[in-house]
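Below is one structure, written out as structure tokens, with a few remarks after it.
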Amino acid sequence: VAGSRRGAGGELVGDLLDRARNGDRHAVARLITLVENDSPLLREIATGLMAFAGRAHVVGLTGSPGVGKSTSTSALVSVLRSRGRRVGVLAIDPTSPFSGGALLGDRIRMQEHATDDGVFVRSMATRGHLGGLAAAVPQGVRILDAAGCDVVLVETVGVGQSEVDVVRQADTTVVLLAPGLGDGIQAAKAGILEIADVFVVNKADRDGADQVTRDLRHLRGLGGGDATGWQVPILKTIATRREGFTEVAESIDQHLRWLRTGGEFERRRRDRSAAEIEALALDTIRRRFSDVRGSAGLAELAAEVADGKSDPFTAADRLLAANPQE
Ligand SMILES: Nc1nc2c(ncn2[C@@H]2O[C@H](COP(=O)(O)OP(=O)(O)OP(=O)(O)O)[C@@H](O)[C@H]2O)c(=O)[nH]1
Ligand SMILES: [Mg+2]
């Protein structure tokens with residue numbers, strides 16, 4: 001079609017979007033790859049998605065490497081499917097030192113859903129540069145949303161700020177812990193306790209699960225109770241035996257109902273949009289700056305600072321002045 005832009009594979013974005021909306025998993029996968037690879041078609045995709053996204057319940061699942069996120073996700077998918085929901089799964093940067101070939105492992109764990117037309121599973125890797133995840137994940141979520149998923153589960157390893165940022169983009173955040181991972185402390189450090197809407201203590205078949213549960217109750221109590229009226233549930237699961245996930249699904253639904261009654265839903269979605277815009281804008285600035293680093297005298301300025309001929313503040317001002325932001 002004259003005037004339409006074509007992707008690397010020769011597909012029209014509009015055609016891909018139409019197919020994705022009809023549940024064509026190849027189109028969904030292709031679109032997510034385009035987003036992941038920061039394709040020049042990204043803007044066109046984002047524009048095309050506007051009319052079809054915003055319907056799905058976005059649920060973040062986070063926790064330390066090996067806590068059982070993928071196994072739990074798979075078990076949760078089964079429960080949601082039995083309730084007739086269409087489910088999308090986005091596993092973010094699932095390379096963890098704990099399970100080694102996590103990507104392959106995740107595929108195996110999700111295998112049971114591979115032939116189910118109502119389940120879309122995709123992994124998404126970071127693209128290396130800052131801002132990448134926060135900018136890319138919402139588009140991936142929108143694609144799954146537009147493809148008709150009622151629930152989109154976003155699995156992310158809760159170890160750093162970028163993951164916390166990703167989790168912030170969920171409507172409901174499930175934080176998983178397990179005995180024997182030093183998890184309470186880890187989670188507190190990573191700042192993921194504050195963002196939990198639902199706590200799941202997985203590996204409840206192991207010693208120490210009750211202690212983790214008590215620790216969590218204590219930590220929850222220290223929070224002084226949520227003024228907004230949501231009491232964060234603490235649930236126990238055994239993901240390998242699929243035990244406890246009816247309750248997890250129920251809590252997630254309850255949380256969504258609570259979000260919708262109090263106006264919190266809109267507030268969270270606006271926060272999410274703000275974070276996304278910010279990530280995109282910062283990404284653009286960083287890109288400009290990395291062009292700058294190559295071209296506009298950073299080496300000379302660095303030499304001046306190193307030789308004591310200039311102070312770094314003045315040098316930074318000069319670098320910016322030499323490279324105006326258009
Ligand atoms: N005993 C026990 N083992 C479990 C349970 N849930 C998961 N596991 C095991 O824990 C290991 C890690 O599980 P995953 O589901 O891959 O954990 P993950 O959090 O997705 O791991 P990463 O994505 O690598 O961070 C696997 O060997 C699972 O079989 C459980 O409830 N009990
Ligand atoms: Mg995993």
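Order of appearance sets the numbers: ligands from 1, and atoms from 1 within every ligand.
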Are any of the N/O atoms on Gly66, whether in the backbone or the side chain, positioned under 3.5 angstrom from an N/O atom of ligand 1?
yes
Using the six-membered ring wherever Trp is involved, compare the ring planes of Trp258 and Trp230 and label them parallel, tilted or perpendicular (cut-offs 30° and 60°).
tilted
Considering the heavy atoms of Pro65, write down every atom of ligand 1 situated less than 4.0 Å from one of them.
25 (O)
If you measure every N/O of Ala204 against every N/O of ligand 1, is any gap under 3.5 Å?
no
Answer with yes or no whether Glu243 contacts ligand 1, where contact means a heavy atom under 4.0 Å from a ligand atom.
no
For Arg268, check side chain to side chain donor-acceptor pair (under 3.5 Å) against everything at least two apart and list the hits.
Asp197, Glu264
What part of Val67, side chain, backbone, both or neither, has a heavy atom within less than 4.0 angstrom of ligand 1?
both
Heavy-atom donor-acceptor pair, Lys69 side chain to Ser64 backbone, under 3.5 Å
yes
Please confirm whether Arg25 makes a cation-pi placement over Phe120, using NZ or CZ under 6.0 Å from the six-membered ring centre and within 45° of the ring normal.
yes
Among Thr71, Thr62, Leu61, closest by heavy atom to atom 28 (C) of ligand 1 is Thr71
Below 3.5 angstrom, do we get any N/O pair linking Asn202 and ligand 1?
yes
Give a yes or no on whether the backbone of Ala56 and the side-chain of Asp150 come within a donor-acceptor separation of less than 3.5 Å.
no
Applying a heavy-atom cut-off of 4.0 Å, say which part of Arg206 lies close to ligand 1: side chain, backbone, both or neither.
side chain
Quick note on ligand 1: atoms under 4.0 Å from a heavy atom of Glu155 include exactly 20 (O), 23 (O)
Do Glu247 and Lys236 sit within salt-bridge range, that is, some charged N less than 4.0 Å from a carboxylate O?
no
min-distance N/O/S atom, Glu155 vs the Mg ion (ligand 2), resolves to OE2
How about Ser70: does one of its N, O or S atoms come closer than 2.8 Å to the Mg ion (ligand 2)?
yes
If you take the nearest heavy atom of each of Ser70, Gly63, Ser72, which one is closest to atom 20 (O) of ligand 1?
Ser70
Do side-chain atoms of Arg86 reach the backbone of Ala147 as a donor and acceptor pair under 3.5 angstrom?
yes
Go through the structure and list residues passing side chain to side chain donor-acceptor pair (under 3.5 Å) with Arg81, not counting sequence neighbours.
Asp116
